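Note that the coordinates shown come from a computational prediction; the quantities given were computed from them, not determined experimentally. Each chain gets a letter, A, B and so on, in the order the sequences are listed, and its residues count up from 1.
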There are 2 protein chains.
Amino acid sequence: MASEEPQLAEQDFKSARGPKRRAIVDAATAVFLEHGYGAASMDSIADKAGVSKQTVYSHFGSKAALFEAIIEDKCNELLSGQSAPAPSLPFAGTLDHEQVLKDMAENFLATVLAIPSVSLYRVVVAESARFPELAEAFYRAGPAVAIKNLGGLLKEMDKNRVLSVPDPVSSARLFYAMLRGDLYLRCLLGLASDPTPIERTAVVNEAVAAFLAAHAPA
Amino acid sequence: MASEEPQLAEQDFKSARGPKRRAIVDAATAVFLEHGYGAASMDSIADKAGVSKQTVYSHFGSKAALFEAIIEDKCNELLSGQSAPAPSLPFAGTLDHEQVLKDMAENFLATVLAIPSVSLYRVVVAESARFPELAEAFYRAGPAVAIKNLGGLLKEMDKNRVLSVPDPVSSARLFYAMLRGDLYLRCLLGLASDPTPIERTAVVNEAVAAFLAAHAPA
DNA sequence: GTCTATAAAAGGATAGAC
DNA sequence: GTCTATCCTTTTATAGAC
């Protein structure tokens, strides 16, 4: 049944069936990320998209359905930067492992400290009780992938004896925890906003230094 | 002006002016922490408190004012466990510094992973744009105090040469960042709930071990 | 102070024309 | 598919009696 309507590719989710859909998606994304689920109204989304409210309901059946579609899509988009399986593993031992970790840390922090990621995190955490599937989708698209990739890299470094990493997955978790430090917390609370590259680098250097000291080869 | 009405002590905030006020505070706390600001209705708070809605408005003028009073109070209450200035500093050098750090870490994790703290954090982060004063009050009552206290302790340990801590405040931030790891994230997302002491201890041991390795005396 | 109504407004969702 | 107009529930806030 319904075999004539195949699953939409990621690009089609936004643009398929006319340009109005794209306008709705863009508007809903902006409104939900800025105001959260409760404070976002279907009226404001329709206004911002330049369409009538009924058109919004024609494309997405309800506010909850629209929210789920937008947020799940945004999880995959924003966190896809962490999906790269890291530098090709066979070369991990020959590269400067400190620089590899610093690059990964920089990339991670630049992503998660950016305003869209902070907004997405706020919304997902706030609505995790009402939309548990979104919380799970967020975790799977972001932290889970990042941990898995870094874990693989650390395992390789352990084999090459440049680091001592008896439990690569735990160490990967610890590494990202170190990066999600005080600066991240202050961004989430709105006390700091859009940190400069200098601030990010300071966090990266401190975390990598501590991580290397804790995993020095025997 | 108004000098005849002194500032209320913390206890009086809840119980002064009749027991109904206390019932309202308790009900509002429960409802706001469970549902967040937007999804909480004044009707549900009045119902849960067993009073009429008008009584709620008589004590607190508006929903926003009630929210601010409740959340700020809860920040001070929940995070006061971190306010103890740590074991008396003169003895810091003579105690087992590893055990001191483990105890602090245990105490910290037991506090922040508990359901009320997780709920409070969710609400404050979610509403940080609408109530920036609450975000600041949260940071000052919790993370700022904890960092300051641990920083003082680390400074003492550095002087006593049991650890090498050139920048005590940065190291304190790093220590707490390590503790707010994957388990904490999963609790915020509702993917894990009320972790067991065993799970907490595993995080504590890993974080303290890494921290000690990174700050081994020269 | 406290309660029972009652505004007054906002917001989610639908009907029906084109 | 899209729009205008409307329904109806929820919700903040207030009026007025006791």
Side-chain angles (χ1 to χ4, degrees), chain A residues 4-5 8 12-71 123 126-127 129-131 134, chain B residues 4-5 8 12-71 123 126-127 129-131 134:
Chain A
E4 307 172 60
E5 174 116 16
L8 292 172
D12 293 348
F13 163 75
K14 293 177 179 173
S15 56
R17 283 171 279 178
K20 301 245 164 167
R21 188 183 179 90
R22 178 56 179 263
I24 294 169
V25 169
D26 288 346
T29 302
V31 173
F32 278 133
L33 287 187
E34 183 176 350
H35 296 101
Y37 181 74
S41 77
M42 296 295 266
D43 284 284
S44 68
I45 292 172
D47 283 357
K48 198 179 189 86
V51 303
S52 77
K53 195 160 56 164
Q54 178 61 25
T55 301
V56 178
Y57 277 93
S58 295
H59 283 269
F60 306 87
S62 68
K63 185 183 179 182
L66 177 58
F67 183 71
E68 288 175 6
I70 263 60
I71 298 300
V123 171
E127 301 301 330
R130 203 183 333 208
F131 299 96
L134 288 184
Chain B
E4 305 172 62
E5 173 115 14
L8 293 173
D12 292 348
F13 163 75
K14 293 176 180 174
S15 55
R17 283 171 279 179
K20 302 243 164 169
R21 188 185 179 90
R22 179 55 179 264
I24 294 169
V25 168
D26 288 346
T29 301
V31 174
F32 278 133
L33 287 187
E34 183 175 351
H35 296 102
Y37 180 74
S41 77
M42 296 295 266
D43 284 284
S44 68
I45 291 172
D47 283 359
K48 197 178 191 88
V51 302
S52 77
K53 196 161 51 166
Q54 178 61 23
T55 302
V56 179
Y57 277 95
S58 296
H59 284 268
F60 306 86
S62 68
K63 185 183 179 181
L66 177 59
F67 182 72
E68 288 175 6
I70 261 61
I71 298 300
V123 171
E127 301 300 330
R130 203 182 337 206
F131 299 97
L134 289 184

note: B:Tyr57, atom OH; C:dA8, atom P; distance rounded to Å ~ 16 Å
* To do: Measure from NZ or CZ of B:Lys63 to the centre of the six-membered ring of B:Tyr57 and say whether it is under 6.0 Å with the direction within 45° of the ring axis.
  => no
TODO: Would you please indicate if the ring centroids of B:Phe67 and B:Phe60 are separated by under 6.0 Å?
DONE: no
Regarding A:Ser41 and A:Ser44, do their side chains bring together a donor and an acceptor under 3.5 Å, going by distance alone? yes
Sugar-phosphate, base or nothing in reach of B:Ala46, heavy atoms under 4.0 Å: nothing
Between CG of A:Asp43 and C1' of D:dC3 the distance, given in whole Å, is 14 Å
Need one value for B:Ala40: base, sugar-phosphate or nothing, where a base atom within 4.0 Å counts as base even if backbone is also close, heavy atoms only. sugar-phosphate
Worksheet item: Does some side-chain heavy atom of B:Met42 sit less than 4.5 Å from a side-chain heavy atom of B:Leu66?
Response: yes
Side-chain atoms of B:Lys63 come closest, of C:dT2, D:dA13, D:dG1, to D:dA13
Rounded to whole Å, CD1 of A:Ile45 lies from P of C:dA13 at a distance of 11 Å
In whole angstroms, the gap separating C1' of C:dA7 from NZ of B:Lys53 amounts to 11 Å
Taking only side-chain N and O atoms of B:Thr55, does any of them lie within less than 4.0 angstrom of OP1 or OP2 on C:dC3?
yes
Picking from D:dT2, D:dA13, C:dA15, the nucleotide nearest the side-chain atoms of A:Gln54 would be C:dA15
Notebook entry, point to check: Got a donor-acceptor contact below 3.5 angstrom from the B:Arg21 side chain to the B:Phe13 backbone?
Noted result: yes
Rounded to whole Å, the CZ-P distance (B:Phe60 to C:dT2) equals 12 Å
Atom CG of A:Asp47 and atom P of C:dG12 are separated, to the nearest Å, by 12 Å
- Using a cut-off of less than 4.0 Å, is there contact between a side-chain N or O of B:Lys20 and OP1 or OP2 of C:dC3? yes
Per atom distances to the A:Ser41 side chain, the nearest of C:dG11, C:dT14, D:dT12 is C:dG11
Separation of D:dA13 atom P from B:Phe67 atom CZ, nearest Å, is 14 Å
Taken to the nearest whole Å, CG/A:Leu66 to P/C:dG11 is 16 Å
